Amino acid sequence: MANQIINYGAIVVSAAWMLLIALCKITAGSTTETEALLRWKQSLPHQSILQSWVTPATNNSSNAQSPCGWRGITCNTAGNVIQINLAYTGLEGTLDNLDFSSFPNLLSLDLKENQLEGSIPQNIGILSKLQYLDLSTNSLNGTLPLSLANLTQAFELDVSRNNLTGELDPRLFPDGKDQPKTGLISMKRFLIQNTKIGGRIPNEIGNMRSLVLLDIDLNSFYGPIPPSIVNCSQLSIILISKNHLSGPIPFNFGRLSKLTHLQFFTNNLSGSVPQGIGNLSMLTALHLAENNFTGQLPPQLCRGGKLVNFSAAHNSFTGPIPVSLRNCQSLHRVRLEYNQLTGYIDQDFGVYPNLTYMDLSYNKLQGHLSPNWGACQNLTVLRIGGNMIIGRILDEILQLKQLGHLDLSSNQLSGEISTEIGNLSSLSILRLNDNKFFGKIPISIGLLSKLQFLDISMNMLSGPIPFQLGDISNLLSLNLSQNFLNGTIPYQIGNLIALQVLLDLSYNSLSGEIPTQLGKLTKLISFNLSHNYLTGSIPSSLSDMLSLSSINFSYNQLEGPLPESNIFNSSQLEDFINNKGLCGKIQGLQPCKTSVTAQGGKDKKHKPVIIVVASLGIAFLGSWMLVGIFAFLSNKKAKFNSKEEDPTRNREYPFSVMYFNGKILYEDILEATKNFDDMYFIGEGASGKVYKAEMPSGQVIAVKRFSSQVNGLGVESAKTFKNEITTLTETRHRNIVKLHGFCSTGMHVFLVYEFMERGSLSDMLRNDKEAMELDWPKRVEIIQGVARALSYMHHDCVPPILHRDISSKNVLMCSDLEAHVSDFGTARFLEFDGSNWTTFAGTYGYAAPELAYTMAVTEKCDVYSFGVLVLEVLMGKHPGDLISKIQILDVESINVKDVLDPRLPPPVYKKIVHELQLVMKLVVSCLQVNPQSRPTMRNLSQLLEAEIFRG
Ligand SMILES: *[C@@H]1O[C@H](CO)[C@@H](O)[C@H](O)[C@H]1NC(C)=O
Ligand SMILES: *[C@@H]1O[C@H](CO)[C@@H](O)[C@H](O)[C@H]1NC(C)=O
Ligand SMILES: *[C@@H]1O[C@H](CO)[C@@H](O)[C@H](O)[C@H]1NC(C)=O
Ligand SMILES: *[C@@H]1O[C@H](CO)[C@@H](O)[C@H](O)[C@H]1NC(C)=O
Ligand SMILES: *[C@@H]1O[C@H](CO)[C@@H](O)[C@H](O)[C@H]1NC(C)=O
């Protein structure tokens, strides 16, 4: 924002001078300035931006010496350089050789948004006339030079988004009275956002009496907010969020009557908020969230009627909602969730024509829903879960055409769910669970075509499940459990093929048979029909539900054989107990007497394989919040332990604690990638982009960012998810890229990986120069490494983990050119995108042929893809048609030398020729059309190690 607040005066003046210069040719330019600029240019890498910085060879007039016409240079009438502006030019290099002493008249130095490195020169203070200094968004390091104190004329200083360290020296802001000749005493806009500067904020900061904007967001400041800040009476914007500040807001803060924007969120501030803040009549934004504030919110908030954005979420505020909020028509966003606010919500809130977001979840609010909500026509998010609201859902609320997220869960609402609910045509999340609703589920819910998460569990609903629910084609999670629903399960539920997270119909009174059509739910991960009166057998079609990782059929009247599929072979007895006569291979269950081969003769031999990451789908949790499980990267520890222990919070938001860590991580990633600036972009896959990010700890990571429409997570699945992501993050193997964790926001999902300096094998092979680096011995090592990784995941992990998408894009190279397999077990996850989700696993050109006609993904699919990959490593390019030739020819007829990458000299040493021949044989066996004929990864890995290292 402030980057754009430029010294307009200087611009106008300098533009005028430039015109004069052009018209009158009054150019002079001191020789020392010219020389200083040329010397600086000489010290920089060659760059076209400085092309105009030359003195012509034929300089017969002194004018030719002048730098005044050079790009970015502005002079005054006397021909002295008064402005250097090379902002946004991609300028590279350092400031080390820019001799500031040569520019005694310089008023403005603007080098923002470049690639400058090194430190800010110590003698910068010699520019004693400087008014405007913007070095923001570069890669400068070191500390702020003390000589900045000499810039007594400067009204704007912006060093944001650099790698600066150190503290704010109090001597930069000496008391104007004692030493009137030094200090940043004219400063109006002081910006040090997102650097590594920290320490205490010096009390002397209060000496910047003209200060209008103070932005020290996202640094490491700790200690209190100095009380002297109230002496900066011109302050309009204070941004100090995301530091480690503690203590209270100074009591007389209300004296800063010009404040419009006050941002304190994510610190450790405590105590009660001074009442005077309510007196700030210009205030448009007040952010207090994620601190440790107590006491009441100031009753006079919004006194000026200008408040737009108000957040106080995740504190310990008590007492009532401020009375003045009731008539605060200017409000757009209000977030008060996770406090202990009391009061009656039907009395405390008015009509807000611009309101889009209202979150009051997890407070102690009482009363009925207010018809006023229905008049907030722009509302997109209304969350009031976890309070003590009674009464019915008013029809007024059910007319909100923009509403995308309605969460009234965990209250004491009752009555029937009105059929008007079908009017909420924008709804994607509807949570009415844990209330006292009764009557039937309105069939109009089937009209909510955008719905993704529907949870009406834990109510007293009765009657049948409307078959119209089968029309909600975008549904990802459906929870109707713990009601009194009866009748049969409508076969149309099988049409919900997008269902992925959860289908829970347990603890109802459902009867009849399980519809065979449910077998179509091939993406579903968690499936619970327990505690009903279901009869008949479990349809064999359910063996098609290949994503299942959690099932429960217990407490029904089911009988007969279990379907033949991994999940039905590997589940626990508890998932089937208390039925009439189920039989199957589960330990403790009676074995089936007669042959069950009639079931379709699928490959019965293959071992139970749980595709661990199938359950990652559950990971699309967190809905509108940010969620993560990254204790390891987080710089805020168990700050909210007390909240974690609160059972009500855990019940609804199992990751509420992670929210903070997750958020911090997310913010760190945003910072580290400058909001996913292309500068940090390192690669692109089918489902998202990969960025390089250096975390505040110095750790470099790769962030894979998918676009995703997915929101919300059922509580029930949270544990499963946590366990399974943990399995993956705990996997350690030198040839597997470490998955650090996972994070999700409303819009995006991120996987966080170890960073691999050399990028993908695919890219290396495609680049002639890099391909040459991969000589024959190195290529053999790469093949060995990938084989070790696959062997480990297939044979040493319990349960085995399949990759499902081996290709040269998923093999990454570290600086030592050692191969690391990435995206292990995440193939299914990667494909999750709604639009292009496909049950066809793998990348075209690497996928085993059987995948075209069966969805049975086995280890042997990985073996096939490995074979293609190996061939690619030998050939230096994807083998294409050669694969099908190999499948029909015999090994001997293929001359290895014809296959090898022509860019490399042919191998000469016997050993390596022998190795390549062996590798080629292995390739042929991997590419067998019949999966049974392919070797296991363990065989392959052992062969490669034994033959090659000892042979
Ligand atoms: C501060 O400015 C004065 C001139 O006003 C100059 O003589 C002195 O060298 C400057 N100090 C520094 C540290 O640059
Ligand atoms: C930032 O500074 C730290 C130490 O101050 C250094 O280790 C790191 O490499 C720097 N990062 C960049 C991008 O300059
Ligand atoms: C504000 O400035 C006055 C006058 O310089 C000073 O006496 C007072 O201590 C300052 N207030 C704070 C809180 O520092
Ligand atoms: C708020 O303003 C009113 C009237 O201007 C004044 O009487 C009151 O003292 C102020 N409150 C605070 C806490 O500053
Ligand atoms: C928050 O404040 C309470 C008392 O007001 C204190 O007991 C608690 O330790 C504080 N929590 C943090 C994280 O500072």
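Note that the structure is a prediction, hence the values are computed from the model and not measured. Just so you know, ligand 1 is whichever comes first in the structure, and atom 1 is the first atom listed for that ligand.
Side-chain atoms of Asn114 and Thr89 form a donor-acceptor pair, as typed in the model, at a separation below 3.5 Å.
The shortest N/O to N/O separation between Asn203 and ligand 3 does not fall below 3.5 Å.
Contact analysis leaves Glu204 out of contact with ligand 3, as no non-hydrogen atom separation drops below 4.0 angstrom.
Taking only non-hydrogen atoms, the option from Asn231, Ile205, Val230 nearest to atom 2 (O) of ligand 3 is Asn231.
Atoms CD1 and OG, on Ile249 and Ser270 in that order, are 10.0 Å from each other to the nearest 0.5 Å.
Below 4.0 Å from some heavy atom of Pro227 lie the following atoms of ligand 3, by number and element: 13 (C).
In this structure, Asn387 contributes its side chain and Lys364 its backbone to a donor-acceptor pair below 3.5 Å.
Heavy-atom contacts from other residues, nucleotides or ligands closer than 6.0 Å to NZ of Lys188 number 12 or fewer.
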